[in-house]
**Student:** 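Supplied in structure tokens, the structure appears directly below.
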2 protein chains.
Amino acid sequence: MKQAARTRPLSPEPPDAANEDLPEAGHADDLIELLFFAYRDFVSDPDRILEEYGFGRAHHRVLHFVERNPGLTIAELLDILRITKQSLNRVLKELIETGYIEQRAGTSDRRHRLLTCTPRGRRLAEQLAEVQGERVRRALAEAGPAARGPASRFLLAMIDPTDRPGVSRLLAAAPPRPADEA
Amino acid sequence: MKQAARTRPLSPEPPDAANEDLPEAGHADDLIELLFFAYRDFVSDPDRILEEYGFGRAHHRVLHFVERNPGLTIAELLDILRITKQSLNRVLKELIETGYIEQRAGTSDRRHRLLTCTPRGRRLAEQLAEVQGERVRRALAEAGPAARGPASRFLLAMIDPTDRPGVSRLLAAAPPRPADEA
DNA sequence: GATTTACGTCAGCCTTGTTGACATATCTCA
DNA sequence: TGAGATATGTCAACAAGGCTGACGTAAATC
């Protein structure tokens, strides 16, 4: 891939004293690239499955968050995905027309569209979550289960501070999956 | 953003015994979503800067890896980015024509195009790396500096096993930045 | 009853990915 | 030396998924 050059410890084991006194100098670069590569492969598994259904990543994201948060409204989905309603509507319409997602009017406010997955939609969403979950579990097994807490905290801290409460609420609200296959 | 529902510890502190005996059951879902949100915000900083230059994310990726690995060839870049040569060529041509990247023929094999940044290209690449690095350092400071190792190992383990040696070589080969501003 | 809110939709544009085909320079090997 | 493989460049067409701007409608709010 590339001719090697210098050497530098890749994933620093518990820092053996010294050099821990510069906690925020340099070293950020590795995490930048790791995030790129990790994300690149992270989305590649679902991509392969989605292709069989004629869907793309945009459909995946919608399906995922609706499945994890039944009753989600359009506005909430827009806030999560950070795209325009026109972009959302394009893929959402397809998911509804092909019977993966259903709408119903809100009870307290009938202008709201409450989104839920159909059984078929749930199956696909779970299949997609399963391949991604498998990758995550494999990674945790390799990195050591103790890495889960720190990795979660790091990723949460990477999110814009303003959005963290919302994300935390979202995570807390989602039903825990039945130990996925395991 | 969303009406709260159940409660569940978000980023588990050192697990207080029990429940650590199912190290790979469930719990993967939070990391899936955290990765989505973290990446979403992670790329948003550069996006704002790139807009001023009339560039997009594709340009950023090319510029980044060329700056970090001077002398990179087209084939190596294609392997990193996982896109077609036509897609790469489109943005690369723009970066060359606008004077951000230079080509020269390889010495041992003159078919190779060795890519390097011009001073102007280096400045932009560093500016982009700086905003992302700032976010990473801020996140590490919040998550605790001890999270760096585990987070790095987790992200590396998320990468396809086949690619890890290449990624590690890439990380090791890149010149350590001069403690970025700090 | 006027205004605001939540959503739907039409039309057009841009970036960035794709495939397929073909051209050129250079290296390698028989 | 000549055949073939390799590294790259390029043209053309297309698709996904972002975007803006404008407009329409139903329901809530004041």
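Quick caveat: nothing in here was measured; it's all calculated off a predicted structure. Order of the sequence lines sets the chain letters (A, B, ...), proteins ahead of strands, with each chain counted from 1. Atoms considered below: every heavy atom in the structure, side chains included; atoms not considered: hydrogens, waters and symmetry mates.
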**Student:** For the CG atom of B:Leu124 and the CG atom of B:Leu50, what is their distance to the nearest 0.5 Å?
**Tutor:** 6.5 Å
**Student:** Base, sugar-phosphate or nothing for B:Glu51? Non-hydrogen atoms, less than 4.0 Å.
**Tutor:**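 It contacts nothing in the nucleic acid.
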**Student:** Reading DNA chain D from 5' to 3', where do the contacts with chain A start and stop? Cut-off is 4.0 Å to heavy atoms.
**Tutor:** D:dG17 to D:dA28
**Student:** Are OP1 or OP2 of C:dT18 and a side-chain N or O of B:Thr84 less than 4.0 angstrom apart?
**Tutor:** yes
**Student:** Looking at the base of C:dG8, is there any donor atom on it, or on the side chain of A:Lys85, that sits under 3.5 Å from an acceptor on the other one?
**Tutor:** yes
**Student:** Are B:Arg40 and A:Asp163 side-chain neighbours, meaning at least one heavy-atom pair lies under 4.5 Å?
**Tutor:** yes
**Student:** Distance criterion of 3.5 Å, no angle test: do you see the side chain of A:Arg111 paired donor-to-acceptor with the base of C:dT5?
**Tutor:**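 Donor-acceptor pair under 3.5 Å: yes.
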**Student:** Out of B:Phe36, B:Tyr39, B:Phe37, B:Phe42, which one pairs with A:Tyr39 under the ring-ring contact (aromatic ring centres under 6.0 Å, His included) rule?
**Tutor:** B:Tyr39
**Student:** Reckon A:Arg90 touches a base, only the sugar-phosphate, or nothing at all at heavy-atom distances under 4.0 Å?
**Tutor:**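 Base, at least one base atom sits under 4.0 Å.
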**Student:** Considering all heavy atoms of both residues, which atom of A:Ile32 and which atom of B:Ala129 are nearest to each other, and what is their separation?
**Tutor:**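 Closest approach of A:Ile32 to B:Ala129: CD1-O, 3.9 Å.
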**Student:** How do A:Asn89 and A:Asp109 order along DNA chain C: which one's closest nucleotide is nearer the 5' end?
**Tutor:**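 With A:Asn89 and A:Asp109 compared, the 5'-side residue is A:Asp109.
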**Student:** What I'd like to find out is whether the side chain of A:Ile80 reaches to under 4.5 Å of the side chain of A:Leu72, using heavy atoms alone.
**Tutor:** yes
**Student:** Examine the base of C:dG8 for any acceptor or donor lying under 3.5 Å from a partner atom in the side chain of A:Gln103, and report the outcome as yes or no.
**Tutor:** no
**Student:** Mapping A:Phe55 and A:Arg110 onto DNA chain D by nearest heavy atom, which one lands closer to the 5' end?
**Tutor:**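 Closer to the 5' end of DNA chain D: A:Phe55.
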**Student:** With salt bridge (charged side-chain N to carboxylate O under 4.0 Å, His left out) as the test, would you mind laying out the steps for A:Glu130 and A:Arg123 before giving the verdict?
**Tutor:** CA-CA 10 Å; A:Glu130 175 51 28; A:Arg123 271 198 304 279; over 6 Å; no
**Student:** Among C:dT16, C:dT18, C:dC7, which is the nearest nucleotide to the side chain of B:His59?
**Tutor:** C:dT16
